[in-house]
Amino acid sequence: MADYYITTPIYYVNDKPHIGHAYTTTMADMLARWHRLLGDNVFFLTGTDEHGEKVQKAAEKHGKSPKEFVDSVVPQFIDAWKTFNITNDIFMRTTDLQHDKTVKEFIRRIYDSGDIYKGEYEGWYCVPDETFITELQLKEGRCPYCGRTVNKVKEESYFFRLGKYRQRLLDLYEKHPGFLSPKYRAMETINRVKEGLNDLSITRRTVKWGIEFKQDKDHVVYVWLDALVNYLSALRWPDGTVGRFWPADVHIVGKDIAWFHTVIWPALLMSAGVEPPKMVFSHGWWTVEGKKMGKSLGNAVDPIDIIRKYGVDPLRYYFAREMPFGEDGDFSESKLIARINGELVDDLGNLVYRSLTLAERFGGEIKGTPELDKGLDIERIKALMGNLDTFNAIEAVWERVRCSNRYINEKEAWKLRGEQLGNVIYNLLESIRIISILLSPFMPDTSERIRMQLGVEKQGIDQCRFGEFRGKVKKAGHLFEKVKE
RNA sequence: AGCGAGGUAGGGUAGCCAGGAGUGCCCGCCGGGCUCAUAACCCGGAGAUCGGUGGUUCAAAUCCACCCCUCGCUACCA
């Protein structure tokens, strides 16, 4: 039994969860569930990032203290993940006491290794946008976002010697090719690191809402450093269950924050004398109805609304099925409906319904010889999931669904009687049973409903082969209802 | 500008790394079969100069060069 530590990023709580948060969390959940199915000892982390200037400002706007404000937003995340059937083992908040302790100890170690020095942060700042802008981003000396003039600001700050770790990072990428995943995105990072790395400002004087920088109490720890360390505080580092689950098997992140996880994070860990994680997997982004998602565009999709309308499993299915994990995709309701009607209702739902109808009408003994196991390749699906390829894994399951439907037609099951019919039903029920096991990480509710209708015990990956069918079939309506447009 | 990813039938994709008849899948379209099934399922068919040009090779979607187009990233904006 292997230990498996998987994480999502912790989400910034200046707003309620959107479709992107839901996507990352759901994909991680599928992997966590898959590993449990394999019998692994899984530790699955998600949580919230609650410090920093933006939260401070958002709190002021609501007339609350920062803590009151985050306490009011965090339940929305917790509830959302409940709705999504997310099976996280821990929900980490950066305002937790444990986290505070871990961050301080983590920084102490970096400080002791001589990688922190006092300096001056200098940069361009757009006051109305409240954003720092780099030299490169400037457009004719003006803010690239709003076009207004920018101010030069100077601020005392403590720096981390990131530049020092350039070669060690390149070595890490070379020795552990899986670290930068998916591999087609790896070159981007490698080339940028080769170009050289600037040291990083890791504290702020002007911000109050954050973890105290013990080495100089006029400063607080900058939010991203604070946030990254949560992967360790969830394990109660440096004690706790660290030895067992660290290094993490995979950090699931969106490609926008890949840099923090593939460059800054491992460098910080090296400095603190901690092993880097085994893999950082950067997934793609969703557009919505073909357009970039954003608050300014007013097209942010509320995942809870979608679930209310279509159900949890259809959305989970869509997440895994609409695009290969890693790549970008487009979220649209019409595409979601097309998948529900064409795949969940017509392929899967129909297969189960028609098979169970045949089974219930049949009075004889359900037994026979395996025929529908041809092409069933569990090892292949294991390999795909090992590569975090949920997309092709589901496709492989769907091949089973389609060939089972074909089987009924080819055998003309409705014309058969007696032993011949018993044999066909045996093959169908075994095939469906295996499909339901394989689907359990992706559509847990649906998997469970199929299992109930088959009347079989809960099973693991080892039962994904044809044996004797031991179940009491009891049909219970359609798995999915057609969505009328 | 630099770096990266991609351009394959009406749409969406796989195949490319380790060249071998345009080979596969999904949706859509056309025709047929069937009635166990939510007008569901199954079979067959039409539809592609594999972005362009040149090169390597007995053989190129696949390798190389150049060009065109689309998208992403460019660091302290989680």
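Below, chain A is the first sequence line, B the second, and so on; all start at residue 1. No hydrogens, no waters, no symmetry mates; every other heavy atom, side chains included, goes into these values.
- Residue A:Ser201 is in base contact, counting any heavy-atom pair closer than 4.0 Å across all strands shown.
- Heavy atoms of A:Arg406 sit under 4.0 angstrom from primed sugar atoms or phosphate atoms, though from no base atom.
- Judged by closest nucleotide on RNA chain B, A:Met187 is the one of A:Met187 and A:Glu410 placed further toward the 5' end.
- Between the C1' atom of B:rC41 and the CG atom of A:Leu479 lies a distance of 16 Å, rounded to the nearest Å.
- Taking the six-membered ring wherever Trp is involved, the centroid distance between the rings of A:Tyr158 and A:Tyr111 does not fall below 6.0 Å.
- Taking the six-membered ring for Trp and the full ring otherwise, the centers of A:Trp286 and A:Tyr23 sit less than 6.0 Å from each other.
- Ion pairing of A:Arg192 with A:Glu195 is absent here, as no side-chain N (NZ or NE/NH1/NH2) approaches a carboxylate O to less than 4.0 Å.
- Contacts of A:Asp199 with the nucleic acid, taken as non-hydrogen atoms under 4.0 Å apart, include base atoms.
- Within the 4.0 angstrom heavy-atom criterion, no nucleotide atom of any strand lies near A:Tyr11.
- Put simply, the side chain of A:Asn409 and the base of B:rC41 share a donor and an acceptor less than 3.5 Å apart.
- For the pair A:Arg400 (side chain) and A:Leu372 (backbone), a donor-acceptor distance under 3.5 Å is present.
- Nucleotide B:rG44: paired with B:rC30 (Watson-Crick or G-U wobble, both distances less than 3.5 Å).
- If you take CG of A:Leu228 and P of B:rA75, they are 17 Å apart, rounded to a whole angstrom.
- At B:rC36, none of the side-chain N or O atoms of A:Lys415 fall inside 4.0 Å of OP1 or OP2 (strictly under the cut-off).
- Regarding A:Glu412, its CD atom lies at a distance of 18 Å from the P atom of B:rC41, rounded to whole Å.
- The interatomic distance linking A:Lys411 (NZ) with B:rC43 (P) rounds to 15 Å, in whole Å.
- Rounding to whole angstrom units, CZ of residue A:Arg339 and C1' of B:rC26 are separated by 7 Å.
- Rounded to whole angstrom, the span from the CG atom of A:Asp347 across to the P atom of B:rA39 amounts to 15 Å.
- Closest to the side chain of A:Tyr353, out of B:rC36, B:rG4, B:rU38, is B:rU38.
- Across all strands shown, B:rA9 remains unpaired; no Watson-Crick or G-U wobble contact has both distances below 3.5 Å.
- The pairing partner recorded for B:rU23 is B:rA14, the criterion being a Watson-Crick or G-U wobble arrangement whose two distances lie under 3.5 angstrom.
- Checking B:rC63 for Watson-Crick or G-U wobble geometry (two distances, each under 3.5 Å) identifies B:rG55 as its partner.
- Here the nucleotide nearest the side chain of A:Leu197, chosen from B:rC25, B:rA37, B:rA75, is B:rA75.
- Counting only heavy atoms from C-beta on, A:Trp259 has its side chain closest to B:rA75 among B:rC73, B:rC76, B:rA75.
- Base-pair partner of B:rU49: not found among the strands shown (Watson-Crick or G-U wobble, both distances under 3.5 Å).
- Closest-nucleotide positions on RNA chain B for A:Asn392 and A:Leu344 were compared, and the one nearer the 5' end corresponds to A:Asn392.
- Here the nucleotide nearest the side chain of A:Arg354, chosen from B:rA75, B:rA37, B:rC43, is B:rA37.
- Checking B:rG4, B:rC36, B:rU38 against the side-chain heavy atoms of A:Asn191 singles out B:rG4 as nearest.
- The pair A:Glu155-A:Arg205 does not meet the salt-bridge criterion, since no charged nitrogen lies less than 4.0 angstrom from a carboxylate oxygen.
- Computed from coordinates, the A:Arg321 CZ to B:rG12 C1' distance equals 12 Å when rounded to whole Å.
- At a threshold of 4.0 angstrom between heavy atoms, the contacts of A:Asn405 are confined to the sugar-phosphate backbone, with no base atom among them.
- As judged by a 4.0 angstrom heavy-atom cut-off over every strand, A:Gly196 is placed among the base-contacting residues.
- Summarising the base pairing, B:rG72 is matched to B:rC3 through a Watson-Crick or G-U wobble pair whose two defining distances lie under 3.5 Å.
- A pairwise comparison of heavy atoms in A:Ala227 and A:Asn230 identifies O-ND2, 2.7 Å as the closest pair.
- In the set B:rC41, B:rG72, B:rC25, B:rC25 carries the atom at the smallest distance from any side-chain atom of A:Arg402.
- The separation between A:Glu195 atom CD and B:rG2 atom P is 12 Å, rounded to whole Å.
- Residue A:Arg361 places at least one side-chain N or O under 4.0 Å from the OP1 or OP2 atom of B:rA37.
- Across the strands present, B:rA37 finds no partner; the criterion is a Watson-Crick or G-U wobble pair with both atom distances under 3.5 angstrom.
- None of A:His176, A:His261, A:His251 except one satisfies the side chain to side chain contact (heavy atoms under 4.5 Å, CB included) rule with A:Pro277; the exception is A:His251.
- In this structure, of B:rC73, B:rU38, B:rC41, it is B:rC73 that holds the atom nearest to the side chain of A:Arg192.
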